[in-house]
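Note sheet for the following structure.
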Amino acid sequence: MEYDKDNIFAKLLRGEIPADKVYEDADILAFRDINPQAPVHILIIPKHAQIRCLGECTEAEALILGKMNVAAARIAEQEGLESFRIVVNSGTKAGQTVFHIHMHLLGGREFAESII
Ligand code: 5GP
């Protein structure tokens with residue numbers, strides 16, 4: 001399903017709002033979260049795939065989802081993180097607020113407890 005034209009990350013991809021970019025390739029853009037929950041808090045989004053949330057993804061999107069994970073690992077390395085946490089919120093009740101699929105890369109502090 002297509003993104004809402006007012007979607008904040010779609011606007012960011014169109015260059016209508018600024019982003020503190022840390023990584024970009026043909027498929028992916030990564031930028032710092034505006035409200036960081038850790039010293040390193042980076043959001044990783046697909047540039048072209050129209051996926052509102054992980055719960056709505058299809059088999060055809062497996063490659064871009066894999067690329068987002070690989071990019072997260074490379075960015076963690078680039079940021080000097082030995083350990084890091086990846087979070088993907090899917091759906092309102094899981095805390096998703098922006099309906100343009102994104103992965104949170106968090107690091108630079110201890111996450112003492114696992115949340116699962
Ligand atoms: P969600 O709650 O949907 O999993 O995550 C959305 C994230 O987007 C939040 O962590 C929020 O701080 C971040 N965010 C919302 N608006 C902006 C923005 O305009 N720029 C950036 N860099 N991050 C944003």
Side-chain angles (χ1 to χ4, degrees):
M1 196 194 281
E2 291 203 359
Y3 303 128
D4 188 319
K5 68 172 172 37
D6 296 326
N7 185 286
I8 200 88
F9 294 168
K11 280 188 173 178
L12 198 144
L13 277 170
R14 292 196 298 264
E16 293 169 17
I17 57 168
D20 185 0
K21 296 180 187 178
V22 296
Y23 175 84
E24 185 168 14
D25 64 26
D27 304 307
I28 283 164
L29 179 67
F31 51 93
R32 295 191 194 280
D33 196 292
I34 206 168
N35 181 25
Q37 303 301 307
V40 175
H41 186 172
I42 290 165
L43 299 171
I44 298 160
I45 65 172
K47 281 183 170 178
H48 312 295
Q50 298 272 327
I51 314 171
R52 293 176 73 251
C53 63
L54 188 60
E56 292 180 5
C57 75
T58 65
E59 283 285 320
E61 285 142 358
L63 183 59
I64 186 64
L65 296 172
K67 285 184 176 187
M68 288 166 69
N69 279 277
V70 174
R74 293 292 82 77
I75 296 163
E77 196 177 12
Q78 182 183 299
E79 294 286 319
L81 299 176
E82 245 177 65
S83 302
F84 58 90
R85 178 172 283 188
I86 296 294
V87 174
V88 179
N89 298 321
S90 184
T92 310
K93 287 182 184 165
Q96 186 174 6
T97 57
V98 180
F99 283 79
H100 179 304
I101 195 169
H102 55 280
M103 183 178 268
H104 297 257
L105 167 64
L106 298 148
R109 71 167 166 87
E110 253 187 67
F111 299 97
E113 289 175 28
S114 171
I115 56 167
I116 56 161

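In each ligand, atom 1 is the first atom listed, and ligand 1 is the first ligand listed. Quick caveat: nothing in here was measured; it's all calculated off a predicted structure. The first residue in the sequence is number 1, and the count goes up from there. When reading the values below, keep in mind they use all heavy atoms of this one structure, side chains included, and skip hydrogens, waters and symmetry mates.
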Kindly determine whether Leu65 and Leu54 satisfy side chain to side chain contact (heavy atoms under 4.5 Å, CB included), including the steps that lead there. CA-CA 9 Å; Leu65 296 172; Leu54 188 60; 4.1 Å; yes

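- The protein heavy-atom contact nearest to atom 22 (N) of ligand 1 is Arg32 O, 2.9 Å.
- In this pair, His41 and His104 present their aromatic rings tilted. The plane angle is within the 30 to 60° band.
- Proximity to His104 (heavy-atom distance under 4.0 Å) selects the following atoms of ligand 1: 1 (P), 4 (O), 5 (O), 7 (C), 10 (O).
- The side-chain heavy atoms of Val40 and Phe84, taken from C-beta on, include no pair separated by under 4.5 Å.
- Distances below 4.0 Å separate heavy atoms of His102 from the following atoms of ligand 1: 1 (P), 3 (O), 4 (O), 5 (O), 6 (C).
- Listed by atom number, the atoms of ligand 1 under 4.0 Å from Thr97 heavy atoms are 1 (P), 2 (O), 3 (O), 5 (O), 6 (C).
- Ile64 places none of its side-chain heavy atoms less than 4.5 Å from the side chain of Ile101.
- In terms of polar-atom proximity, defined here as any N/O pair under 3.5 Å, Ile34 does make such a contact with ligand 1.
- At the top of the distance list for atom 8 (O) of ligand 1, counting protein heavy atoms only, stands Phe9 CZ, 3.4 Å.
- Atoms of ligand 1 found under 4.0 Å from any heavy atom of Leu43, numbered from 1 in the order shown, are 8 (O), 13 (C), 23 (N).
- Every atom of ligand 1 is numbered from 1 in the order shown, and the set under 4.0 Å from a heavy atom of Ile8 is 19 (O).
- Protein heavy atom at the shortest distance from atom 11 (C) of ligand 1 is Asp33 OD1, 3.4 Å.
- Glu16 CD: more than 12 foreign heavy atoms inside a 6.0 Å radius.
- Put simply, the side chain of Ile86 reaches to within 4.5 Å of the side chain of Leu105, judged on heavy atoms.
- Residues Leu43 and Phe9 form a side-chain contact, since some pair of their non-hydrogen atoms from C-beta on lies under 4.5 Å apart.
- Among protein heavy atoms, the minimum distance from atom 2 (O) of ligand 1 is reached at Gly95 O, 2.9 Å.
- Here the side chains of Asp27 and Leu63 are not in contact, with every heavy-atom distance at 4.5 Å or above.
- Close approach to Asn35 involves these atoms of ligand 1, each under 4.0 Å from a residue heavy atom: 12 (O).
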